[in-house]
Amino acid sequence: SNDYRVVVFGAGGVGKSSLVLRFVKGTFRESYIPTIEDTYRQVISCDKSICTLQITDTTGSHQFPAMQRLSISKGHAFILVYSITSKQSMEELKPIFEQICQIKGDVENIPIMLVGNKNDETSGREVETSDGEALAKRWKCAFMETSAKTNHNVKELFQELLNLEKRR
Ligand code: GDP
Ligand code: MG
């Protein structure tokens, strides 16, 4: 089918909802509103046809384990977000990546994008770009730094994920 399901994971506060809202609605808010779990649909053109991008914005690390397993089984592609201002948020992605491996098996064939968000916060940086690149290399996945606030690399993130899918 032309339905393409993308799941966004990451610790609370790293900017998952902000990235999704920036992409889907073009907006940004400074306040933090914890997410339950939300799904957004965006019709996009791909390969001269039209497909529906279904983006699931998860609650982060406090997601119920059964819900997390279900999101992974249903997902076609994954965005794993940390904040460049928090080393801890990068650590919190590791068990999620491992669970994706367990459930999906051959992850090399699954589009995964590791994302270092908040790259506008240069003075609070705790994670170097090279740390992100190194982790992505270890995980054999793609990598990008973004800012939902300044709209840096947000469109590119979703576009690149679709390109990864087409390359499979
Ligand atoms: P989530 O828990 O991962 O969904 O995080 P949110 O999207 O709710 O964002 C948490 C907080 O970080 C909010 O106060 C946002 O305004 C802020 N935030 C999100 N993305 C960025 C960003 O790219 N740069 C900066 N400076 N702040 C951001
Ligand atoms: Mg959220």
Side-chain angles (χ1 to χ4, degrees), residues 4-42 44 52-100 103 110-136 139 141-162:
Y4 188 54
R5 289 190 293 274
V6 175
V7 188
V8 185
F9 284 120
V14 297
K16 298 178 296 299
S17 300
S18 299
L19 285 168
V20 173
L21 291 174
R22 173 60 93 180
F23 179 68
V24 173
K25 299 188 174 158
T27 57
F28 179 77
R29 54 167 194 238
E30 293 284 347
S31 56
Y32 175 41
I33 302 165
T35 316
I36 307 297
E37 182 171 296
D38 265 329
T39 294
Y40 300 84
R41 280 174 192 78
Q42 182 90 331
I44 51 163
T52 307
L53 196 60
Q54 188 178 309
I55 306 165
T56 300
D57 175 20
T58 67
T59 52
S61 328
H62 305 294
Q63 205 183 19
F64 293 110
M67 251 173 108
Q68 183 163 306
R69 281 195 297 274
L70 190 62
S71 317
I72 294 171
S73 336
K74 291 194 300 186
H76 295 124
F78 301 92
I79 298 177
L80 304 184
V81 188
Y82 65 90
S83 165
I84 66 144
T85 64
S86 162
K87 269 210 166 79
Q88 174 63 26
S89 71
M90 184 184 240
E91 289 304 311
E92 287 187 35
L93 286 177
K94 292 176 181 172
I96 298 172
F97 179 76
E98 268 152 34
Q99 191 155 45
I100 295 173
I103 293 172
I110 293 172
I112 298 178
M113 181 71 76
L114 176 66
V115 172
N117 188 44
K118 304 198 187 183
N119 95 328
D120 58 284
E121 293 232 3
T122 43
S123 63
R125 184 185 277 275
E126 273 190 11
V127 185
E128 295 306 320
T129 306
S130 57
D131 299 333
E133 285 166 350
L135 185 59
W139 285 354
C141 72
F143 170 70
M144 209 174 253
E145 281 192 359
T146 59
S147 167
K149 185 171 182 172
T150 65
N151 203 12
H152 175 70
N153 264 349
V154 178
K155 257 201 331 275
E156 289 80 356
L157 160 63
F158 289 92
Q159 189 57 58
E160 184 55 26
L161 206 62
L162 286 167

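Reckoned from all heavy atoms, side chains included, excluding hydrogens, waters and symmetry mates. Since we're looking at a predicted model, the values are computed, not measured. In each ligand, atom 1 is the first atom listed, and ligand 1 is the first ligand listed.
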Checking side chain to side chain contact (heavy atoms under 4.5 Å, CB included) for the pair Asn119/Thr146: CA distance, chi angles, key distance, verdict?
CA-CA 6 Å; Asn119 95 328; Thr146 59; 6.0 Å; no
Going by heavy atoms in the side chains, are Phe97 and Ile112 under 4.5 Å from each other?
yes
Going by the closest heavy atom to atom 2 (O) of ligand 1, which one wins out of Gly13, Ser89, Ser17, Ser83?
Gly13
Numbered atoms and elements of ligand 1 in range of Gly12, under 4.0 angstrom, heavy atoms
2 (O)
Test side chain to side chain contact (heavy atoms under 4.5 Å, CB included) on Leu19 and Ser17; report intermediate values, then the result.
CA-CA 5 Å; Leu19 285 168; Ser17 300; over 6 Å; no
Which of the numbered atoms in ligand 1 are below 4.0 angstrom from a heavy atom of Ser18?
6 (P), 7 (O), 9 (O), 15 (C), 19 (C), 20 (N)
Among Thr122, Val127, Thr129, which residue meets the side chain to side chain contact (heavy atoms under 4.5 Å, CB included) test with Arg125?
Thr129
Between Lys149 and Glu121, does a salt bridge (Lys or Arg N to Asp or Glu O under 4.0 Å) hold up when you go through it step by step?
CA-CA 10 Å; Lys149 185 171 182 172; Glu121 293 232 3; 5.8 Å; no
Nearest protein heavy-atom contact for atom 15 (C) of ligand 1: which residue, which atom, what distance?
Arg29 O, 3.7 Å
I'd like to check which ligand 1 atoms, numbered from 1 as shown, lie under 4.0 Å from a non-hydrogen atom of Ala11.
3 (O)
Restricting to heavy atoms, the pick from Gly116, Gly124, Gly15 nearest atom 5 (O) of ligand 1 would be Gly15
For Ile100 and Leu80, run side chain to side chain contact (heavy atoms under 4.5 Å, CB included): C-alpha distance rounded to whole Å, both residues' side-chain angles, the deciding distance at 0.1 Å, then the answer.
CA-CA 11 Å; Ile100 295 173; Leu80 304 184; 3.9 Å; yes
With a cut-off of 2.8 Å, does any N, O or S atom of Thr59 fall short of it relative to the Mg ion (ligand 2)?
no
Asp57 side-chain N/O to Asp38 backbone N/O, donor-acceptor pair under 3.5 Å
no
Closer than 4.0 Å to some heavy atom of Lys16 - which atoms of ligand 1 meet that?
1 (P), 2 (O), 3 (O), 4 (O), 5 (O), 7 (O)
Side chain of Arg5, backbone of Lys74: donor and acceptor closer than 3.5 Å?
yes
Of all the non-hydrogen atoms in the protein, which one sits nearest to atom 20 (N) of ligand 1, and at what distance?
Asn117 ND2, 3.2 Å
Protein contact to atom 14 (O) of ligand 1 [nearest heavy atom, distance to 0.1 Å]:
Glu30 O, 2.6 Å
Considering only heavy atoms, which of Val154, Asp120, Asn151 lies nearest to atom 26 (N) of ligand 1?
Asp120
Can a donor-acceptor pair be found, under 3.5 Å and without considering hydrogens, that links the side chain of Lys87 to the backbone of Glu126?
yes
Nearest neighbour in protein (non-hydrogen) for atom 12 (O) of ligand 1
Lys118 NZ, 3.1 Å
Quick look: Glu121 vs ligand 1, heavy-atom contacts under 4.0 Å, and the answer is side chain
Is it true that the side chains of Ser89 and Ser83 contain a donor and an acceptor less than 3.5 Å apart?
no
Protein heavy-atom partner closest to atom 8 (O) of ligand 1 - residue, atom, separation in Å
Tyr32 CD1, 3.1 Å
Taking distance alone, with N or O pairs closer than 3.5 Å, would you say Ala148 contacts ligand 1?
yes
Ser147: numbered ligand 1 atoms lying under 4.0 Å from its heavy atoms
23 (O)
